There are 2 protein chains.
Amino acid sequence: MSLEPKTNIWIEKDNKVVLSLWRVRLLEAIAETGSISAAASKMGVSYRRAWEKIQECETRLAVKLVDTQTGGSGGGGSSLTPEAVAYVDRFRKFAAGLDEFVSERFEKYFLDG
Amino acid sequence: MSLEPKTNIWIEKDNKVVLSLWRVRLLEAIAETGSISAAASKMGVSYRRAWEKIQECETRLAVKLVDTQTGGSGGGGSSLTPEAVAYVDRFRKFAAGLDEFVSERFEKYFLDG
DNA sequence: TATCGTTATGATATCACAGCATAACGGAAT
DNA sequence: ATTCCGTTATGCTGTGATATCATAACGATA
C-alpha cells in the first residue's frame, strides 16, 4: 500500500497566503546561502518564482523581508531583515510538532486499528 | 492585521492524493444528499470535477467508493460503499483536533508572545 | 574599463482546470 | 407505448496560473 500522511500549515491575510512552510524554507535558504539565486536552486525552483513569492510576502505583510544588493564582487547577494528572521522563528515554533501530531494519528487510525 | 492560520491534511500513495479533507467532505455530501450532482453543488464545484475526484480516489485506492445508479424516478443517484464509509470514518478520526492544535499554537506564537 | 554573478522584470509557452455540451439511462406519468 | 425528467458519464474548448526564456542594470574586483 505505502500510504503516507501529508500536512501543510500556513498563514493568510485577507484570504491570501503571507507565510507558509515552503516560503519559510525559502527565507531560510536565503539566509543560509546569502542569495536568492542560490536559494531558488536549492529549493528546486526558478529564480523568477522565488523572487515573486518573496515580493508577495513583503507586499501582503507590508514588511521588508529581504535586503538585496546588486553588483559587486560576488555579483550581489541577499540577506534577511531582522523582521524576516523574527517571522521565520515564530513560524517555526508555530509549526513545530505538526508532523509528529499527524504521523502519530495516522499510525493510530490507519495502521493499527 | 487579521492574520489567520490555515492547515490541511491528506493521505498520499505513490506521491498522489488518495484522500483529503476536501474529498472526504465530498464523500460525506454524497452520503447526505444521495447524489453526486447535489453533493457537487453543495461543495460549490461542477459535477464534472466532483466525479473526476471520486474516480481518482477509486483508482488510486483500488477500491469502489461510490455506488451509482442512472435513470429511474429521481434520475438516478449515488451512495457510499461500506468501504467508503469506513475510510471517511477513519479519516475523520485521523484529522480530528488538527484545527485546535493549529489555532492554539497560532495564538501562542503570533498573538501573545 | 572589462568581467562576472546577482538582482529585477518583460515576454512567451505550457498546462492543469473550469465551464459548456451531449449521450445514455430508466422509473413515473400520460 | 411513449414522453419526460434529473442523474450519471464523458468529450471538447477556453482560460488563468505557472514555468521557461531572454535581457537590462548593477558595482566591487582585477
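Everything numeric in this text was worked out from a predicted model, so none of it was measured. Worth knowing before you read on, the calculation uses all heavy atoms, side chains too, and leaves out hydrogens, waters and symmetry mates. Labels below follow one simple rule: chain letters A, B, ... track the order of the sequence lines, proteins then strands, and each chain is numbered from 1.
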* **Stepwise side chain to side chain contact (heavy atoms under 4.5 Å, CB included) test for B:Arg49 and B:Met43** => CA-CA 10 Å; B:Arg49 180 170 165 76; B:Met43 296 289 293; over 6 Å; no
* To do: May I ask you to test the A:Ser2-B:Asp14 pair for a side-chain heavy-atom distance under 4.5 Å?
  => yes
* Could you check which residues of residues 16-47 of chain A get a heavy atom under 4.0 Å from DNA chain D? Sort them by number, please. => A:Ser46
* To do: Describe, as an angle rounded to 10 degrees, how the axis at the first end of the helix from C:dT1-D:dA30 to C:dT30-D:dA1 is tilted relative to the axis at the last end, five pairs per end.
  => 10°
* Asked: If every non-hydrogen atom of A:Val17 is compared with every non-hydrogen atom of A:Arg60, which pair is closest and at what distance?
  -> O-NH1, 2.8 Å
* **Working for side chain to side chain contact (heavy atoms under 4.5 Å, CB included), residues A:Glu28 and A:Arg92** => CA-CA 11 Å; A:Glu28 289 171 336; A:Arg92 276 301 181 189; 2.8 Å; yes
* Asked: Does a sphere of radius 6.0 Å around CD in B:Gln69 hold more than 12 heavy atoms from other residues, nucleotides or ligands, not counting ones at 6.0 Å or beyond?
  -> no
* Structure fact -> Rounded to whole Å, the CD-P distance (A:Glu52 to C:dA8) equals 13 Å
* Length of the CD-C1' vector between B:Gln55 and C:dC17, whole Å -> 17 Å
* Structure fact -> When rounded to whole Å, the NZ to P distance for the pair A:Lys53 and C:dA8 reads 17 Å
* Can you check side chain to side chain contact (heavy atoms under 4.5 Å, CB included) on A:Leu21 and A:Trp10, steps first, answer last? -> CA-CA 6 Å; A:Leu21 274 178; A:Trp10 68 99; over 6 Å; no
* To do: Return the value, rounded to whole Å, for the distance between atom CH2 of A:Trp51 and atom P of D:dA19.
  => 15 Å
* Shortest non-hydrogen contact from A:Leu98 toward A:Thr7 -> CD2-OG1, 3.5 Å
* To do: Rounded to the nearest 0.5 Å, what's the gap from CZ on A:Phe91 to CZ on B:Arg105? Could you check?
  => 12.0 Å
* Might you work through the side chain to side chain contact (heavy atoms under 4.5 Å, CB included) test for B:Val45 and B:Leu26, ending with a clear yes or no? => CA-CA 10 Å; B:Val45 299; B:Leu26 177 62; 5.6 Å; no
* Before accepting this row, confirm whether a basic side-chain N of the pair A:Glu104/A:Lys108 lies closer than 4.0 Å to the acidic partner's carboxylate O. => no
* Atom CD of A:Glu56 to atom C1' of C:dA8: distance rounded to whole Å? -> 16 Å
* To do: Round to a whole Å and report the spacing from CZ of B:Arg49 to C1' of C:dC20.
  => 17 Å
* Heavy-atom contacts under 4.0 Å between residues 67-80 of chain A and DNA chain D, which residues? -> A:Thr70, A:Gly71, A:Gly72, A:Ser73
* Asked: Taking atom NZ of B:Lys64 as the centre, does the number of heavy atoms from other residues, nucleotides or ligands within less than 6.0 Å exceed 12?
  -> yes
* Side-chain donor/acceptor contact of A:Arg48 with base of C:dG10 under 3.5 Å -> yes
* Given atom CD1 of A:Ile54 and atom P of C:dA8, what is their separation to the nearest angstrom? -> 9 Å
